Amino acid sequence: MIHITLPDGSVRDFNAGTTAYEMAKGISEGLARNVLGAKFDGEYIPLDRPITKDGALLLLTWNDEDGKHIFWHTSAHILAAAVEQLYPGVKFGIGPTIENGFYYDIDFLDYPISSDDFPKIEAKMGEIISQRVKMVRSEVSKQEALDYFSKKGDEYKVELIRDLEDGTISFYKTGDFVDLCRGPHLYDTAPIKAFKLLNTAGAYWRGDEKRKQLVRIYAISFPKKKELDDYLLMLEEAKKRDHRKLGKELELFTFSQKVGSGLPIWLPKGAALRERLENFLKKVQKTYGYQQVITPHIGNVELYKLSGHYQKYGADSFRPITTPQEGEEFLLKPMNCPHHCEIYASKPRSYRDLPLRLAEFGTVYRYEQSGELHGLTRVRGFTQDDAHIFCTPDQLKEEFCKVIDIILYIFKVLKFKDYIVQVSLRDPDNKEKYIGSDENWEKAERAIIEAAEEKGLATVVEKGEAAFYGPKLDFMVKDAIGRKWQLGTVQVDYNLPERFELEYISPEQEKLRPVMIHRAPFGSMERFVAVLLEHTAGKFPLWLTPEQVIILPISEKFQEYALKVQKILDMNDIRAIVDERNEKAGRKIRDAEMNKIPFMLIVGEKEESGELVSVREHTVGDKGVFTIADFVSLIKERMKEELE
RNA sequence: GCCGGUGUAGCUCAGUUGGCCAGAGCAGCUGAUUUGUAAUCAGCUGGUCGGCGGUUCGAAUCCGUCCACCGGCUCCA
């Protein structure tokens, strides 16, 4: 008898040599049907391996992340097996699971592959699955593994094996297809009831753009057909929220080939929206003691040589602008910080001046590879809600905490609840990628970690994600399709003050060096609007939305009254438009609903005679009849609540 | 930049194998209707079929090239 501890703490006795699958069956038939894998004392074990000693057993199902990954991992092998049967001689890179599904990187040699080939591959996968193929594990030595794949002519696998530690290496066999794999896998292919190949993409071998590009096939699989259908439906819904689509529909921004790709053009409604966001932040920043500054769109190359940006990014920037007579060189401003350093340096500073907080909605231009451009989230010209805080080392942590407060306030007002806070540190193995002394880096990294702790933020630490001049605290939010976007960022920087030889006079009359905090709560106006659009599906909060109210006269007879109501709303700073078209009320309501205008005021005979409005709320419906004054209070109350 | 895909009216899309002046719905304009909580009716305007070159008696359709966009990769101060 062995004693097996289950996750709920209970202990069950089994005969020594019972397999995990049999144990599942012993617990319940349902569990046995759904079990995908098992962990024994924290280690993955095959379901059919006899267990001979006491220990803790965790049976994995679709409800466990680990269970999903086992499921997808096996699915990836089936994909590869199908591809190998259809395209003999192809070579395989890696086939890992990802957050949603899995992919396999494959060298298709000269076979042309596109999504047109998916049905064929899917059919073959279906065939393999229906044969209920077992996933057979075998263990081989490193040399045997090398021999197998050398003979097969798969140089990618050979390379992977070479990089492995010596010792035992495991293979998994799916029918005739043998793959190098640590596992774990499903017992057999039976649980995979639904799967779909999603798209293809080029992917460099080992992520290195100097190496060969393989074809990556993305796919997903599920234990139930319904789950696949739901997933595909979710992707469809996500598409409807795409900021590029909504931006066009709501007339917020556009792009023009003639203006240039990656250069967004803000339309009147979008510009007004952006302005409101800017004013909102300016107001918050004012209470935190920030001062607005303005700097030019270009700067002398020497400025960026001094800051270090030129050495780091000069080769990948827009080419310098040269003056015709003098041959001076200017760069399109890629960063605001060097300019702000010069504002700091424009006069002698005392410790009494610190912290000095300089803010600017600064438009910067960065060269991005053409294939990188993406709507408003990846552009070549954008406006940062930038600010730089110059303070004493003693003030650093408090200032950092206050910046976190601003960011959290913004997230709260705009209802971003699903966000991740990332501590981005430098890569300790690649220190030459960064500028500045080890001592300063350590100080800066410590300050960030402490401030995040003090604010009680749940953080993830990423090494190698720091800016080249300092570590960062990055705030990412998830968009409609679960992609993560970086929004707010806070960075500590000891380097620029040194490079610009910034100083302040201490109470003891010494010349000391200030510390700098770079921060942008939105990140950039462009990206923020994009993420906000996807987050709200275009239904902006009332205080932010371009048109808050639309007045719908029942017929032309009541247009005059409609205009009168508009005027009253206007005097109360409520943004209202009148639908003066010669259309029926039903039509006007439908169009207003589609345009996502929060409130509709229907006015006709009875409203005009009583100085009233009939209120309809977007997606909610008829709210009844209000006096104009009551409606104004309703709107004001709503906006107040939103900004609390 | 790289791999793959796409590009027809302001928007969404038809237009098998090359062949009459390139189509529809919505939007827009004009007129009729004077309307009460998600589409009133009729008429009209609108496209060098992404650009340029080529093949052909003839190209939206075939070939080349460039551009833009889409899905990724790499990159992202």
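Letters go in sequence order (proteins before strands), and every chain restarts at 1. None of these values were measured; they are calculated from a predicted model.
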Drop me the distance from A:Ile517's CD1 to A:Ile389's CD1, to the nearest 0.5 angstrom. 4.5 Å

Span that lies between the C1' atom of B:U61 and that of B:G19, in whole angstrom: 11 Å

Per-pair stack call A:Tyr313 and B:A77, 5.5 Å, 30°: yes

Separation between the C1' atoms of B:A24 and B:C63, rounded to whole Å: 31 Å

Looking at the rings of A:Tyr434 and A:Tyr469, which for Trp means the six-membered one, are their centres under 6.0 Å apart? no

side-chain hydrogen bond (donor to acceptor under 3.5 Å, both in side chains) between A:His73 and A:Thr97: does it pass, once the steps are laid out? CA-CA 6 Å; A:His73 201 163; A:Thr97 62; 5.9 Å; no

Donor-acceptor pair between A:Gln491 and A:Thr489 side chains, under 3.5 angstrom: yes

Under 4.0 Å between any heavy atoms, over every strand shown, what does A:Arg616 touch: base, sugar-phosphate, or nothing? Just pick one. base

Under 6.0 Å between the ring centres of A:Phe631 and A:Phe599? yes

Compare the minimum distances between each of B:C26, B:U74, B:C75 and the side chain of A:Glu368, then state the nucleotide with the smallest one. B:C75

Tell me whether the rings of A:Phe92 and A:Tyr104 are parallel (<30°), tilted (30 to 60°) or perpendicular (>60°). perpendicular

Base, sugar-phosphate or nothing for A:Glu607? Non-hydrogen atoms, less than 4.0 Å. base

Between the side-chain atoms of A:Arg378 and the base atoms of B:C75, is any donor-acceptor pair under 3.5 Å? yes

Please classify the nucleic acid contact of A:Tyr218 as base, sugar-phosphate, or nothing, using heavy-atom distances under 4.0 Å. sugar-phosphate

Report yes or no: is there a donor-acceptor pair, N or O only, under 3.5 Å between the side chain of A:Glu593 and the base of B:A38? yes

Under 4.0 angstrom, heavy atoms only, what part of the nucleic acid is A:Lys588 near: base, sugar-phosphate, or nothing? nothing

Which part of the nucleic acid does A:Gly604 contact within heavy-atom distance under 4.0 Å: base, sugar-phosphate only, or nothing? base

For A:Gln213, answer base if it contacts any base atom (sugar-phosphate contacts may also be present), sugar-phosphate if it contacts only those atoms, and nothing otherwise; contact means non-hydrogen atoms under 4.0 Å. base

Base-pair map of RNA chain B as dot-bracket, where | denotes pairing with a different strand and pairs are Watson-Crick or G-U under 3.5 Å: (((((((..((((.....[...)))).(((((.......))))).....(((((..]....))))))))))))....

Between A:His309 and A:Tyr304, what is the ring plane arrangement, given parallel below 30°, perpendicular above 60°, and tilted in between? perpendicular

